[in-house]
Amino acid sequence: MARVVVIGDLMTDSVARAFYPLARGSDTPASVLTYGGGSGANVAAWLAMEGTDTIFVGRRGSDITGRTREMELMGYGIDSRLVMDPERATGTCVVMITHRGDRTMLSDPGANARLQPEDLPRDVFGPDGHLHISGFTLINPDSRRAARMALRMGRESGMSISVDGGSHAPLERAGAENFLDWTNGARLLFTNTRQAKVLTGREEPEAAAKVLTAWYPNIVIKLGDEGALWASTTRDDLVTVPAEPVEPSPGSIGAGDAFIAGFLPSWLAGKHPKDSLARAQSLAARALHQPGARPDLGD
Ligand SMILES: Nc1ncnc2c1ncn2[C@@H]1O[C@H](COP(=O)(O)OP(=O)(O)OP(=O)(O)O)[C@@H](O)[C@H]1O
Ligand SMILES: O=C(O)C(=O)C[C@H](O)[C@H](O)CO
């Protein structure tokens, strides 16, 4: 099985669930719980939990939160290559879920934003591994140099490379043409429907996928409760699979990251895209039922 190197963001997610409509000027009953998060770290956690040899490269603060997050990564069996930042705190994401289940995320990337090209361990690059770069690292202007350097080193060392779109609003700020240029040489792009629209201007996922295959040999678009699709230039093919029939817990987080971790090992093992999408969706379905973005470590 191919080793997967993930370059990405590590966060603490503070998830606040309101039980009633938010009332201005008074307390609203809610639960506020803290979990390990960060899109890149979540992908790594799901990969390692499912038995993939996984390396995670990122940056954390020299704080107790950062230490806790690092130990969690090790608990999943990840070979964690975190650089400690003496000046920035570990990244934080506040996830607010209304009583109706609508989700809003506010992120302070903290130490993630300062990932440097020098932070990239040279020994993780080699032709026997796959490189996955979190879109958050790429669309953040401060960590972009490191992400682009990783892409270059991955390409030069003969690795297969996947990237994801991160999040639609910063992607929009970064600019579609720039993103397509920065990720040149990636073999596989993951997006959700909003990111696909930002990148192509096309509303219909099938049309967006067709546009994107001019840039990447393989495209996977996550379609929320409508499932997912895969398109390829090399096979001039498009496969769509419906979502699993699940009742997600309201405002759940991390389904997209679990999906990526489900898809990659299957696809790298040469399985048919339909099977890889099915595997991706079954991990996503697990994430949809959990309170945090990562697999439950249990006792
Ligand atoms: N309501 C749902 N019912 C069944 N499956 C779902 C549902 N929502 C999401 N999924 C599954 O999770 C995958 C990822 O979800 P989505 O398309 O929302 O990606 P995302 O925006 O990256 O997710 P997130 O930001 O929540 O991590 C989908 O492709 C699908 O397989
Ligand atoms: O802002 C980032 O870098 C994130 O990765 C936000 C994530 O989606 C969040 O932490 C979910 O675990």
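Numbering starts at 1 and runs along the sequence shown. Just so you know, ligand 1 is whichever comes first in the structure, and atom 1 is the first atom listed for that ligand.
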A.B. asks: Quick one: look up the protein heavy atom nearest atom 6 (C) of ligand 1 and list residue, atom name and how far away it is.
C.D. replies: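 In this structure, atom 6 (C) of ligand 1 has L288 CD1, 3.4 Å as its nearest protein heavy atom.
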A.B. asks: Please identify each residue that fulfils side chain to side chain contact (heavy atoms under 4.5 Å, CB included) with D128, with sequence neighbours left out.
C.D. replies: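 Residues passing side chain to side chain contact (heavy atoms under 4.5 Å, CB included) with D128: R3.
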A.B. asks: What protein heavy atom lies closest to atom 12 (O) of ligand 1? Include the residue and the distance to one decimal.
C.D. replies: A284 CB, 3.3 Å
A.B. asks: Could you tell me whether E226 atom CD has more than 12 heavy atoms of other residues or ligands within 6.0 Å of it?
C.D. replies: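 Open: at most 12 neighbouring heavy atoms sit under 6.0 Å from CD of E226.
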A.B. asks: Can R60 and D85 be counted as an ion pair, charged N to O under 4.0 angstrom?
C.D. replies: no
A.B. asks: Out of all atoms in ligand 1, which are within 4.0 Å of some heavy atom of A243? Include the element for each.
C.D. replies: 4 (C), 5 (N)
A.B. asks: Pick one of side chain, backbone, both or neither for how E244 approaches ligand 1, counting any non-hydrogen atom pair under 4.0 Å.
C.D. replies: backbone
A.B. asks: Between V220 and L277, which heavy-atom pair has the shortest distance, and what is it?
C.D. replies: CG1-CD2, 4.1 Å
A.B. asks: When rounded to the nearest 0.5 angstrom, what is the spacing between CZ in F190 and CZ in F259?
C.D. replies: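 CZ of F259 is found 7.0 Å from CZ of F190.
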A.B. asks: Should you measure from each heavy atom of A255, which atoms of ligand 1 turn up under 4.0 Å away?
C.D. replies: 12 (O), 27 (O)
A.B. asks: Sequence neighbours left out, what pairs pass salt bridge (charged side-chain N to carboxylate O under 4.0 Å, His left out) with at least one residue falling in residues 180-202?
C.D. replies: K197-E203
A.B. asks: Checking a contact table here: which protein heavy atom is nearest atom 23 (O) of ligand 1, and how many Å away?
C.D. replies: G256 N, 3.5 Å
A.B. asks: Which protein heavy atom lies closest to atom 21 (O) of ligand 1, and at what distance to 0.1 Å?
C.D. replies: N192 ND2, 2.9 Å
A.B. asks: Any protein N/O atoms within less than 3.5 Å of an N/O atom in ligand 2? List the atom names and distances, or say none.
C.D. replies:
unit_1   : atom_1 : unit_2 : atom_2 : d
ligand 2 : 1 (O)  : S107   : OG     : 2.8
ligand 2 : 3 (O)  : D9     : OD2    : 2.5
ligand 2 : 5 (O)  : D9     : OD2    : 2.6
ligand 2 : 5 (O)  : S39    : N      : 2.8
ligand 2 : 10 (O) : D13    : OD1    : 2.7
ligand 2 : 10 (O) : G38    : N      : 2.9
ligand 2 : 12 (O) : D13    : OD2    : 2.5
ligand 2 : 12 (O) : G38    : N      : 3.3
ligand 2 : 12 (O) : N42    : ND2    : 2.9

A.B. asks: Got a sec, which pairs hit salt bridge (charged side-chain N to carboxylate O under 4.0 Å, His left out) with one end in residues 34-53, sequence neighbours left out?
C.D. replies: E50-R279, E50-R286
A.B. asks: Looking at R152 and E156, does any basic side-chain N land under 4.0 Å from a carboxylate oxygen?
C.D. replies: yes
A.B. asks: Do me a favour and list the nearest non-hydrogen protein atom to atom 22 (O) of ligand 1 with residue, atom name and distance?
C.D. replies: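 Protein heavy atom at minimum distance: K222 NZ, 2.9 Å.
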A.B. asks: For G135, does its backbone N or O pair with a side-chain atom of D164 as donor and acceptor, under 3.5 Å?
C.D. replies: yes
A.B. asks: Show the atoms of ligand 1 that are less than 4.0 angstrom away from any heavy atom in Q281.
C.D. replies: 29 (O), 30 (C), 31 (O)
A.B. asks: List the closest protein heavy-atom neighbour of atom 29 (O) of ligand 1: residue, atom name, distance to the nearest 0.1 Å.
C.D. replies: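 Heavy-atom neighbour on the protein nearest atom 29 (O) of ligand 1: G227 O, 2.8 Å.
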A.B. asks: Do W230 and D237 pass the side chain to side chain contact (heavy atoms under 4.5 Å, CB included) test, and can you show the C-alpha distance, the side-chain angles, and the key distance before you say yes or no?
C.D. replies: CA-CA 8 Å; W230 167 88; D237 207 357; 3.9 Å; yes
A.B. asks: Using heavy atoms and a 4.0 Å limit, tell me yes or no: is A285 in contact with ligand 1?
C.D. replies: no
A.B. asks: Given the rule that I, L, V, M, F, W and Y join up when any side-chain heavy atoms are under 4.5 Å apart, are I139 and I133 in one cluster?
C.D. replies: yes
A.B. asks: Would you say R103 contacts ligand 1, with heavy atoms under 4.0 Å as the rule?
C.D. replies: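 A heavy atom of R103 does come that close to ligand 1.
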A.B. asks: Is the contact between L223 and ligand 1 made by the side chain, the backbone, both, or neither, using heavy atoms and a 4.0 Å cut-off?
C.D. replies: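 For L223, only backbone atoms sit under 4.0 Å from ligand 1.
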A.B. asks: Tell me whether ligand 1 is touched by V246 - counting only heavy atoms on the residue side and a distance under 4.0 Å.
C.D. replies: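 Contact check V246 vs ligand 1: positive.
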A.B. asks: Note the single closest protein heavy atom to atom 8 (N) of ligand 1, along with its residue, its atom name and the distance in Å.
C.D. replies: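 Ranked first by proximity to atom 8 (N) of ligand 1 is G224 C, 3.6 Å.
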A.B. asks: Applying side-chain contact (heavy atoms from CB on, under 4.5 Å) between R81 and each of D123, L73, V5, I7, report the one that passes.
C.D. replies: D123
A.B. asks: Using the side chain to side chain contact (heavy atoms under 4.5 Å, CB included) rule, take I253 and M105 through it: C-alpha gap first, then chi angles, then the decisive distance, then the call.
C.D. replies: CA-CA 10 Å; I253 48 176; M105 287 181 168; 3.4 Å; yes
A.B. asks: Run the numbers for me: atoms of ligand 1, each under 4.0 Å from some heavy atom of G254, listed by number.
C.D. replies: 27 (O)
A.B. asks: Give me the one residue out of I161, L138, N178, L189 that meets side-chain contact (heavy atoms from CB on, under 4.5 Å) with T183.
C.D. replies: L138
A.B. asks: Under a 4.0 Å heavy-atom limit, does D225 contact ligand 1 with its side chain, its backbone, both, or neither?
C.D. replies: both
